Amino acid sequence: EVQLVESGGGLVQPGRSLKLSCAASGFTFSNYYMAWVRQAPKKGLEWVATISTSGSRTYYPDSVKGRFTISRDNAKSSLYLQMNSLKSEDTATYYCARQMYTTALDYWGQGVMVTVSS
Amino acid sequence: EIVLTQSPTTTAASPGEKVTITCLASSSVSNMYWYQQKSGASPKLLIYSTSSLASGVPDRFSGSGSGTSYSLTINTMEAEDAATYYCQQWSSNPLTFGSGTKLEIK
């Protein structure tokens, strides 16, 4: 059974940093692209980042480029999201998702809440 | 950026009724993906590559379309289908989602 379990969320002040983790199990992690998607309270879905199987390629929207860094450790079947210079508009539930190459997101974690506030 | 416009924004259907949700893209895309998100839960993939059913998804769900116009159809509405539905594309950077269609049961 595919499982994705996020951790590392919480309350953080604007301008500070936070690192999210996602522990994957039930599939060969190194064979899949992985992604982060977020959802602000009562809002829709927003893609945050995608990483290739080896980690050599990463993709970001302009809204987080230069502030967020996606990475992975295939030996640990783990995905990460380093978030720097956090803003109030980064407040959201962050989901880790398995990605079918550069297409669909076929499995999602339960999400972790990040609140950026002073 | 390709903007995906979903319609309707909100709708309600009776059990057994047919429901169609539309997703219009601001530029042509090669494929569309559809997700279902129930209240308080994570999104779940329903349809990939425009018309292929994801694993475990009931066959009352179907997808179709091409170019800039895509749709998700529920053939016979069931109470458990009450949820918010999102379309998604990555034919062009960045990956984008539609703003969602909330489907309620009458």
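Just so it is clear, the model here is predicted, and its values are computed rather than measured. Below, read A as the first sequence line, B as the second, and so on, with proteins coming before strands; counting in each chain starts at 1.
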Can you hop from [X] to [Y] via hydrophobic side chains spaced under 4.5 Å?
| X | Y | answer |
| --- | --- | --- |
| A:Leu11 | A:Val112 | no |
| B:Met77 | B:Tyr85 | yes |
| A:Val5 | A:Ile70 | no |
| A:Trp36 | A:Tyr32 | yes |
| A:Tyr107 | A:Met34 | yes |

Query - Contact winner vs chain B - A:Ala104, A:Ala35, A:Gly109, heavy-atom pairs under 4.5 Å - result: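 Most heavy-atom pairs under 4.5 Å with chain B: A:Ala104.
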
Query raised in the report: Hey, which of A:Thr102, A:Asp106, A:Val37 has the most heavy atom pairs under 4.5 Å with chain B?
Result: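 The candidate making the most pairs under 4.5 Å is A:Thr102.
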
Query raised in the report: Under 4.5 Å, heavy atom to heavy atom, which residues of residues 1-36 of chain B contact chain A?
Result: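 Heavy-atom contacts from residues 1-36 of chain B to chain A are B:Tyr33, B:Tyr35.
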
Query raised in the report: Is any residue of residues 37-71 of chain B within less than 4.5 Å of chain A by heavy atoms, and which ones?
Result: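 B:Gln37, B:Ala41, B:Ser42, B:Pro43, B:Leu45, B:Tyr48, listed by number.
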
Requested in this report: Considering only heavy atoms, give the residues of residues 42-68 of chain A separated from chain B by less than 4.5 Å, sorted numerically, with 'none' for an empty result.
Outcome: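 Residues of residues 42-68 of chain A touching chain B at under 4.5 Å: A:Lys43, A:Gly44, A:Leu45, A:Glu46, A:Trp47, A:Thr50, A:Tyr59, A:Pro61.
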
Query raised in the report: Which of residues 15-26 of chain A have a heavy atom under 4.5 Å from any heavy atom of chain B?
Result: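 Checking residues 15-26 of chain A against chain B gives no residue, so none.
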
Query raised in the report: What's the spacing between B:Gln88 CD and A:Thr103 OG1 if we round to 0.5 Å?
Result: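 One gets 7.5 Å once the value is rounded to the nearest 0.5 Å.
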
**Report entry** Nearest-0.5 Å distance that lies between atom CG in B:Leu95 and atom CG in A:Leu105
**Finding:**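 Rounded to the nearest 0.5 Å, the CG-CG separation comes out at 6.0 Å.
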
Query raised in the report: Is there a side-chain contact between B:Trp90 and A:Gln99, using heavy atoms and a 4.5 Å cut-off?
Result: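 Heavy-atom side-chain distance check passes, below 4.5 Å.
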
